[in-house]
Amino acid sequence: MRMIFLGAPGAGKGTQARIVAEKHGLPQIATGNILRQAVKDGTTLGQEAKSFMDAGGLVPDGVMIGLIHERLQQPDAQKGWILDGFPRTQAQAEALDALLAKVQQDLDLVVDVQVPDAEIVGRLGGRWVCKQCEAPYHSKNNPPKTDKVCDHCGGELYQRADDKPDTVASRLTVYHTNTSPLIGYYQGRGNYRAVDGTQPIETVERALEAILAGVSR
Ligand code: ADP
Ligand code: ADP
Ligand code: ZN
């Protein structure tokens with residue numbers, strides 16, 4: 001199973017990708033998580049990416065395509081994968097198609113998690129993320145069992161600097177300009193599915209299970 005999660009920042013891609021990954025034994029490849037780790041480690045990738053991330057913009061396509069090219073060659077990605085946060089531009093989508101064509105693989109599913117902008121600011125304003133494993137929580141919608149402690153790994157939770165309202169506004173503009181056109185790119189191929197991301201997490205999870213059950217292979 002090779003699938004992509006599309007959707008605005010804060011739509012719940014990471015929340016759902018993590019659940020599907022665990023249930024189906026697939027790697028969750030979250031480009032934002034990979035980039036944040038690179039920034040923390042001070043690698044060349046991190047140095048290239050940091051200013052774009054801080055401003056709520058996109059890291060250049062060439063950098064992202066190189067990153068995904070490498071990641072998809074790793075052993076754990078041979079049985080399939082869940083891309084969470086990639087592609088975010090037409091150039092990235094075309095590059096992914098080219099990578100897959102070269103190894104004669106198909107994209108099985110494109111899930112578009114739909115949430116209106118009005119709800120996004122509250123989602124991201126209340127988001128708390130694990131420093132260790134990047135599991136996302138929400139102060140009201142999905143609180144951890146213990147305040148500021150990750151249920152999964154016991155790591156400390158923090159709020160991302162780019163989740164403050166003015167950066168969120170930039171990220172939403174970037175989403176509507178660069179990423180939402182990918183809906184058109186994937187629609188009509190037969191593997192595009194939209195889900196209502198405003199429903200509770202468990203309801204979205206069930207909707208996804210039904211979609212996954214309908215995808216052959
Ligand atoms: P969110 O979970 O809120 O959608 P991510 O964690 O996926 O945000 O991404 C955080 C930041 O990392 C983005 O704002 C962007 O700067 C950068 N980034 C992540 N994925 C990509 C990508 N595919 N192309 C360009 N930039 C990316
Ligand atoms: P994305 O990866 O698309 O940026 P996240 O999965 O990190 O989004 O979710 C953004 C925030 O919204 C988090 O605080 C998360 O706990 C919360 N959230 C995720 N899904 C839902 C949902 N269906 N209903 C309410 N809140 C949600
Ligand atoms: Zn954790």
Side-chain angles (χ1 to χ4, degrees), residues 3-21 28-33 35-36 52-59 64 82-93 96 107 109-129 134-144 157-212 214-215:
M3 66 184 288
I4 288 176
F5 274 97
L6 284 182
K13 303 181 297 295
T15 299
Q16 297 297 334
R18 177 180 264 276
I19 295 171
V20 176
Q28 173 194 5
I29 301 179
T31 45
N33 295 358
L35 292 171
R36 275 185 294 279
F52 300 102
M53 297 173 78
D54 288 347
L58 291 177
V59 175
M64 296 311 301
I82 300 169
L83 292 186
D84 164 13
F86 185 98
R88 267 174 148 102
T89 66
Q90 169 108 10
Q92 292 178 16
L96 179 63
L107 194 54
L109 187 59
V110 177
V111 174
D112 181 23
V113 186
Q114 299 188 322
V115 173
D117 287 10
E119 195 161 327
I120 294 297
V121 179
R123 288 261 182 115
L124 295 182
R127 174 157 73 179
W128 288 79
V129 182
E134 296 263 357
Y137 296 86
H138 192 279
S139 50
K140 287 200 199 79
N141 306 340
N142 185 29
L157 307 187
Y158 78 107
Q159 290 192 285
R160 279 168 47 180
D162 62 344
D163 279 347
K164 59 180 186 300
D166 52 336
T167 318
V168 169
S170 310
R171 287 161 66 203
L172 279 172
T173 304
V174 166
Y175 168 76
H176 289 294
T177 308
N178 299 286
T179 309
S180 70
L182 293 183
I183 295 172
Y185 184 86
Y186 288 116
Q187 254 171 355
R189 287 199 190 182
N191 57 2
Y192 171 89
R193 299 282 187 286
V195 292
D196 176 2
T198 66
Q199 307 172 98
I201 292 172
E202 296 71 30
T203 312
V204 178
E205 185 184 338
R206 280 197 297 275
L208 277 173
E209 271 315 309
I211 289 171
L212 283 163
V215 176

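The shortest distance between side-chain heavy atoms of N178 and R88 does not fall below 4.5 Å. The closest side-chain heavy-atom distance from I29 to F86 is not below 4.5 Å. By the 4.5 Å heavy-atom criterion applied to side chains, I4 and L96 are counted as neighbours. Counting heavy atoms from C-beta on, the side chains of F5 and L208 come closer than 4.5 Å. Residues L35 and M64 form a side-chain contact, since some pair of their non-hydrogen atoms from C-beta on lies under 4.5 Å apart. At least one side-chain heavy atom of I201 sits less than 4.5 Å from a side-chain heavy atom of I19.
Residues satisfying the side chain to side chain donor-acceptor pair (under 3.5 Å) criterion with R123, sequence neighbours excluded, are E119. For Y137, the side chain to side chain donor-acceptor pair (under 3.5 Å) criterion is met by no residue, not counting sequence neighbours. Applying the side chain to side chain donor-acceptor pair (under 3.5 Å) rule to D163 yields the partners R127, R171; only residues at least two apart in sequence or on another chain are considered. Evaluation of the side chain to side chain donor-acceptor pair (under 3.5 Å) rule for Y185 yields D97, R189 as partners, not counting sequence neighbours. Applying the side-chain contact (heavy atoms from CB on, under 4.5 Å) rule to T203 yields the partners Q199, P200, R206; only residues at least two apart in sequence or on another chain are considered.
The nearest pair of heavy atoms linking A55 to S170 is O-CB, 3.9 Å. Minimum heavy-atom separation, A17 to Q28: CB-NE2, 3.8 Å. In terms of heavy-atom proximity, M53 sits nearest to G32 at CE-O, 4.2 Å. Taking both residues in full, the closest heavy atoms of Y186 and Y192 are given as O-CB, 3.7 Å, listed atom of the first, atom of the second, then distance. Contact between Y175 and G7 at its shortest, heavy atoms only, is CE1-C, 3.5 Å. Taking each heavy atom of P143 and S139 in turn, the nearest pair found is CB-O, 3.7 Å.
Judged by distance alone, the side chain of Q16 and the main-chain N or O of G12 form no donor-acceptor pair under 3.5 Å. The backbone N or O of G125 sits less than 3.5 Å from a side-chain atom of Q159, completing a donor-acceptor pair. A donor-acceptor contact shorter than 3.5 Å links the side chain of H138 to the backbone of G122. With hydrogens and angles ignored, the 3.5 Å screen pairs a side-chain donor or acceptor of N191 with a backbone N or O of L107.
Screening residues 190-200 for salt bridge (charged side-chain N to carboxylate O under 4.0 Å, His left out), with sequence neighbours left out, gives no hits.
Atom CG in L83 sits 11.5 Å away from atom CG in L109 (nearest 0.5 Å). Once rounded to the nearest 0.5 Å, the distance linking OG1 of T167 with CG of L172 reads 11.0 Å. Rounded to the nearest 0.5 Å, atoms CG (D112) and CG (L182) are 9.5 Å apart. D84 CG to E134 CD: the interatomic distance, rounded to the nearest 0.5 Å, is 10.0 Å.
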| request: Any chance you could lay out the side chain to side chain contact (heavy atoms under 4.5 Å, CB included) test for M3 and V111, step after step, and finish with the verdict? | output: CA-CA 8 Å; M3 66 184 288; V111 174; 3.8 Å; yes
